[in-house]
Amino acid sequence: MNQLHLFLPCAAGVEGFLADEVRAITGVGKDDVLTGRGGVMVRAMWRDAMLLNLYSRLAQRVLVELSFTEYRSENDLYRAASEVAWEIWFSPKETFKIEVTAQHSPLTSLNFAALKVKDAIADRFRAKRNGVRPSVETHHPDVRVHMHLTTDTCTLYMDTTGEALFKRGWREDKGDAPLKETLAAAMIAATGWNPHGPNPQPLYDPCCGSGTVVIEAAQIARKIPAGILRRFAFEKLVPFQRHVWEQILDEAEAQILDESPVPIFGSDVSHRMVDFAQRNAERAGVAETVNLRGGDALQRMPPCEQPGMMLLNPPYGERIAAAGSFGRNAAERMDAVERVGRETAQTEDGGEFFSQLATHWKKHYSGWSGWMLTPDLKLPGKMRLKESRRTPMWNGPIECRLFCFEMIKGAVKPRKDESDQRPSDKG
């Protein structure tokens, strides 16, 4: 097909990393990639759309822009949709659904707006295909048409992805509110961790939960494409050519490494979650790449002699108490752990846990860097550490920071701003 305008939505704060990833996957020039809030736009070819679906770890989906027009009423939406050549994208045999998002749209009903676009598509097919039109399917459609409305513009997209890209195809075992795979990949991208670079470092998640971070890291290290285990919506679209796709898959599989260049470790206080992580790693094809075991983050010693990078989305609430209460009866601790699960977005204080964790790291993890994603913007104060970097990220609707702490051996010292506030002994 001729050159396409693709839009790849992503989590807020990830746009720059996604733009770099798009260029690496497609090889398009810098001028062909435009970074906006909440996504990346790229001028590319149909083959690139397939490559991005297969390889992207940061995008939520890959959309082809079909129409961009101004509107004032639902009739304008009908007109815009009527002018799109839907018949070159799918046939009357496929079912379809209209997905609508809006920012400050003046329309009173988005459902009615979707209905007008649905009618326009059906009427266009009737006119072009001798009265035959595709059916609507709201739960499991073959084709998804996305409409985005602003105050005065309407953009229509063809979805080439289907189920969102964070659904890699390997996760079956999970805790409560698991970290999305796309966010775990964004955390890794933000650290700059490169297992294939000149100075590869081990990676360790001491609060690994169901294994999201370490599995993403292991697939990156082994060069396993993010979407290698799943199917995509483009496989049911008219431009799809099976032999081209199979060639892309063959090339991808030929690049997969038998082993990781660096060791990757994960541990969790909940042995149940470690079992989940192990089963997920098996389905992801990296069971032998990731070293998983149970253990309290406040007690676990470095998993290898070479200093590396710790990367974690720390637990909050009851699970902090369970992980850090040495004095509590062991059975009670584990009961609390199993009851709460893992990777929640609660924001209870947890100050004692984090100060103890910082002390443990300073004592035993000299030379390591510790990266932590948290919605608690005051976390460095609770750890009494000064962060070397802080990267804004969003976990869904939750504003977070990815803090980096460089571990220097020695006692945890008060932050400068805290010590300055203490009253002087002179007097």
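At distances below 3.5 Å, at least one donor-acceptor pair connects side-chain atoms of H196 with backbone N or O atoms of A221. Here the side chain of R43 pairs a donor or acceptor atom with the backbone of D31 at under 3.5 angstrom. No donor-acceptor pair closer than 3.5 Å links the side chain of S260 to the backbone N or O of A218. Within the 3.5 Å criterion, the main-chain N or O of Q201 finds a donor-acceptor partner in the side chain of W193. Panel note: side chain E137, backbone H140; a donor-acceptor pair is recorded below 3.5 Å. A donor-acceptor distance shorter than 3.5 angstrom exists from the side chain of T191 to the backbone of I188, with no hydrogens or angles considered. Using a distance-only test at 3.5 Å, with no hydrogens or angles considered, a donor-acceptor pair links the side chain of S270 to the main chain of M273. Remark: the backbone N or O of V42 is not paired with any side-chain donor or acceptor of D32 at under 3.5 angstrom. Put simply, the side chain of R222 gets close to the backbone of L257: a donor and an acceptor are under 3.5 Å apart. Within the 3.5 Å criterion, the main-chain N or O of A59 finds no donor-acceptor partner in the side chain of T182.
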* Asked: Would D152 and R72 count as a salt bridge (Lys or Arg N to Asp or Glu O under 4.0 Å) if you check the C-alpha gap in whole Å, the side-chain angles of each, and the deciding distance to 0.1 Å?
  -> CA-CA 6 Å; D152 57 2; R72 291 187 178 181; over 6 Å; no
* Step by step, work out the side-chain hydrogen bond (donor to acceptor under 3.5 Å, both in side chains) result for Y71 and S105. => CA-CA 10 Å; Y71 78 100; S105 172; 2.9 Å; yes
* To do: Please lay out, stage by stage, how H360 and Y365 fare under the test ring-ring contact (aromatic ring centres under 6.0 Å, His included).
  => CA-CA 8 Å; H360 179 65; Y365 284 81; 5.8 Å; yes
* To do: Give the intermediate values and the outcome of salt bridge (Lys or Arg N to Asp or Glu O under 4.0 Å) for residues E235 and R242.
  => CA-CA 8 Å; E235 296 178 61; R242 173 62 61 182; 3.5 Å; yes
* Would E94 and S91 satisfy side-chain hydrogen bond (donor to acceptor under 3.5 Å, both in side chains), going step by step from the backbone distance to the final call? -> CA-CA 6 Å; E94 279 74 51; S91 76; 2.7 Å; yes
* Asked: Given R57 and E216, is the salt bridge (Lys or Arg N to Asp or Glu O under 4.0 Å) satisfied, shown in steps?
  -> CA-CA 9 Å; R57 294 188 174 274; E216 284 293 309; 2.8 Å; yes
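Taking all atoms of both residues into account, the shortest heavy-atom contact from V33 to A19 is CG1-CB, 3.9 Å. Closest non-hydrogen pair, A113 versus L77, comes out as CB-CD1, 3.6 Å. The shortest non-hydrogen separation linking M393 to A190 is CE-CB, 3.5 Å. Of all non-hydrogen atoms in V64 and L4, the two that sit nearest each other are CG1-CD2, 4.2 Å. What you find for C154 and L149 is that their closest heavy atoms are CB-CD2, 3.7 Å. Heavy-atom minimum distance, I215 versus A277: CD1-O, 4.1 Å.
Electrostatic pairing of E172 and R279 does not count as a salt bridge here, judged by no charged N lying under 4.0 Å from a carboxylate O. Taking the charged nitrogens against the carboxylate oxygens, K116 and D119 have no contact shorter than 4.0 Å, which rules out a salt bridge. Salt bridge R389/E387: absent, no basic N to carboxylate O contact under 4.0 Å. Of the charged side-chain nitrogens involved, at least one lies within less than 4.0 Å of a carboxylate oxygen, so that R124 and E87 count as a salt-bridged pair. Salt-bridge check for E99 with R144: passed, with a basic side-chain N closer than 4.0 Å to an acidic carboxylate O.
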Less than 3.5 Å apart, which donor and acceptor atoms pair up between the side chains of residues 126-136 and the rest of the protein, not counting sequence neighbours?
from : atom 1 : to   : atom 2 : distance (Å)
R126 : NH1    : D123 : OD1    : 2.8

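Q255 and E251 form no side-chain donor-acceptor contact under 3.5 Å, judged by distance and modelled atom types alone. No side-chain donor from either of H104 and T151 sits under 3.5 Å from a side-chain acceptor of the other. Between the side chains of Q219 and R168, not a single donor N or O lies within less than 3.5 Å of an accepting N or O. With 3.5 Å as the limit, one finds no donor-acceptor pair spanning the side chains of T289 and E259. Side-chain atoms of R171 and S210 include a donor-acceptor pair closer than 3.5 Å. S355 and R384 are not linked by any side-chain donor-acceptor pair at a separation below 3.5 angstrom, with hydrogens and angles left out of the test.
Atom CD of E399 is surrounded by more than 12 heavy atoms from other residues, nucleotides or ligands within 6.0 Å. Other residues, nucleotides and ligands place more than 12 heavy atoms under 6.0 Å from the CG atom of D250. Taking a 6.0 Å sphere around CZ of R47, one finds it holds more than 12 heavy atoms contributed by other residues, nucleotides or ligands. Residue E406 qualifies as enclosed at atom CD: its count of foreign heavy atoms under 6.0 Å is above 12.
Considering W86, F90, W89 as possible partners of F125, the one that fulfils the ring-ring contact (aromatic ring centres under 6.0 Å, His included) test is F90.
Taking CD1 of I228 as the start and CG of L249 as the end, the distance is 5.5 Å to the nearest 0.5 Å. With rounding to the nearest 0.5 angstrom, the CZ atom of F96 is 5.0 Å from the CD1 atom of I121. From T374, atom OG1 reaches atom CE of M372 across 7.0 Å, with rounding to the nearest 0.5 Å.
Among residue pairs with one or both ends in residues 60-70, those qualifying as side-chain hydrogen bond (donor to acceptor under 3.5 Å, both in side chains) are R61-D159; sequence neighbours excluded.
Within the cation-pi definition used here (under 6.0 Å to the ring centroid, within 45° of the axis), K180 qualifies as a partner of F166.
Every ring-ring contact (aromatic ring centres under 6.0 Å, His included) that F234 has, sequence neighbours left out, goes to F232, F240, W245.
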